[in-house]
Amino acid sequence: MPTGTEVETRPVVLILLGPPGAGKGTQARMLEERFGLVQLSTGDLLRAAVAEGTPAGLAAKAVMESGALVSDEIVLEILAERMARPDVARGVILDGFPRTAGQAAALDTLLAGVGQAVTAAISLEVDDAAMVGRVSGRFTCAACGEGYHDEHKQPAVAGTCDKCGGTEFKRRADDNAETVAERLKAYHAQTAPLIAHYAGLGVLERVDAMQDIDAVAGGLGDIVARVTV
Ligand code: AMP
């Protein structure tokens with residue numbers, strides 16, 4: 001029975017908005033560690049579905065390789081499955097979701113149904129011209145997923161992951177110049193309008209994501225600390 005002295009803690013729902021290469025994945029992982037939230041990347045979930053050969057993965061594969069967006073139906077299905085797992089109770093950082101007006105509306109409805117709302121949508125602001133280079137230089141540890149970049153973030157010991165000591169790295173099939181150009185187009189046509197949606201809801205925050213990784217992490221951390229008190 002409530003005593004009137006408990007502090008009600010609501011699950012935190014953070015959204016990272018930004019084009020491919022803005023640093024959403026890198027920053028989400030840093031926020032995850034610092035604030036004990038769970039990073040939820042629809043791109044990662046879709047890549048896992050492709051690797052497992054599930055029906056959703058089979059349907060998504062060619063679309064992802066072209067740089068276009070996977071259908072809302074498939075994305076919402078895999079997201080709902082993931083959100084149903086108990087580890088998301090403290091809160092989530094949505095990385096790469098929502099990406100369309102339909103997804104944003106579905107998220108608003110889903111949260112409203114459980115008495116919640118988006119805590120903050122943080123737009124990582126970057127220059128398009130720099131994004132192709134950022135994306136085409138990146139690679140990740142095959143074991144733990146830690147992200148690296150040919151120019152901006154090499155492992156401290158060449159060939160060994162700083163985080164887990166893994167020695168195998170991988171590059172994404174869609175991180176090539178041609179597909180990145182398509183992904184940027186999809187971002188501007190379908191995702192950038194969500195910035196106005198979240199401004200309208202009064203939860204929009206902006207960060208200059210052309211700064212180096214630690215400076216961006218500092219700016220984001222300040223925002224998250226402020227909105228999660
Ligand atoms: P990402 O890892 O976020 O860069 O996503 C890689 C690809 O997965 C995108 O280019 C899309 O084809 C697909 N994808 C990821 N998230 C979404 C989403 N929320 N809606 C539609 N397609 C998505």
Side-chain angles (χ1 to χ4, degrees), residues 13-29 31-32 38-83 88 92-111 118 121-124 126 128 130-142 145-149 170-195 197-198 209:
V13 181
L14 297 174
I15 295 170
L16 294 187
L17 287 169
K24 299 185 296 294
T26 304
Q27 296 296 335
R29 287 173 71 91
L31 289 173
E32 185 175 51
V38 170
Q39 173 191 17
L40 215 157
S41 153
T42 44
D44 286 348
L45 293 172
L46 287 165
R47 279 184 287 281
V50 170
E52 284 164 27
T54 66
L58 292 175
K61 187 169 189 283
V63 179
M64 292 172 76
E65 280 167 5
S66 75
L69 294 184
V70 173
S71 73
D72 286 357
E73 196 190 348
I74 289 178
V75 171
L76 289 167
E77 186 189 312
I78 62 159
L79 183 91
E81 255 172 45
R82 181 66 187 86
M83 293 278 271
V88 302
V92 290
I93 307 159
L94 297 174
D95 154 13
F97 178 91
R99 257 175 154 106
T100 65
Q103 291 176 17
L107 178 66
D108 290 343
T109 306
L110 182 114
L111 293 174
V118 170
I122 309 173
S123 169
L124 302 185
V126 290
D128 260 19
M131 292 305 107
V132 174
R134 273 205 193 181
V135 172
S136 36
R138 67 190 185 179
F139 58 99
T140 53
C141 170
E146 182 68 4
Y148 295 97
H149 193 279
K170 56 184 186 184
R171 288 177 194 263
R172 278 170 48 175
D174 60 348
D175 278 354
N176 60 75
E178 198 182 306
T179 312
V180 175
E182 286 308 311
R183 289 161 62 199
L184 277 170
K185 262 196 226 159
Y187 173 78
H188 286 293
Q190 291 165 275
T191 310
L194 301 187
I195 292 173
H197 174 73
Y198 291 112

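Counting starts at 1 for both ligands and their atoms, following the listed order.
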Minimal non-hydrogen separation, R138 against R172, with atom names: NH2-NH1, 3.4 Å

Would you say that more than 12 heavy atoms from the other residues, nucleotides or ligands in this model lie under 6.0 Å from the CD of E65, or not? yes

Minimum side-chain heavy-atom gap R47-V50 below 4.5 Å: no

Restricting to non-hydrogen atoms, name the atom on L124 and the atom on A209 that form the minimum distance, rounded to 0.1 Å. CB-CB, 3.7 Å

E32 and R29 ion-paired at < 4.0 Å: no

For ligand 1, protein residues within the heavy-atom limit of under 4.0 Å are T42, G43, L46, R47, M64, A68, L69, V70, V75, G96, F97, R99, Q103, R172, D174, R183

Ionic contact status for D175 with K170, cut-off 4.0 Å: no

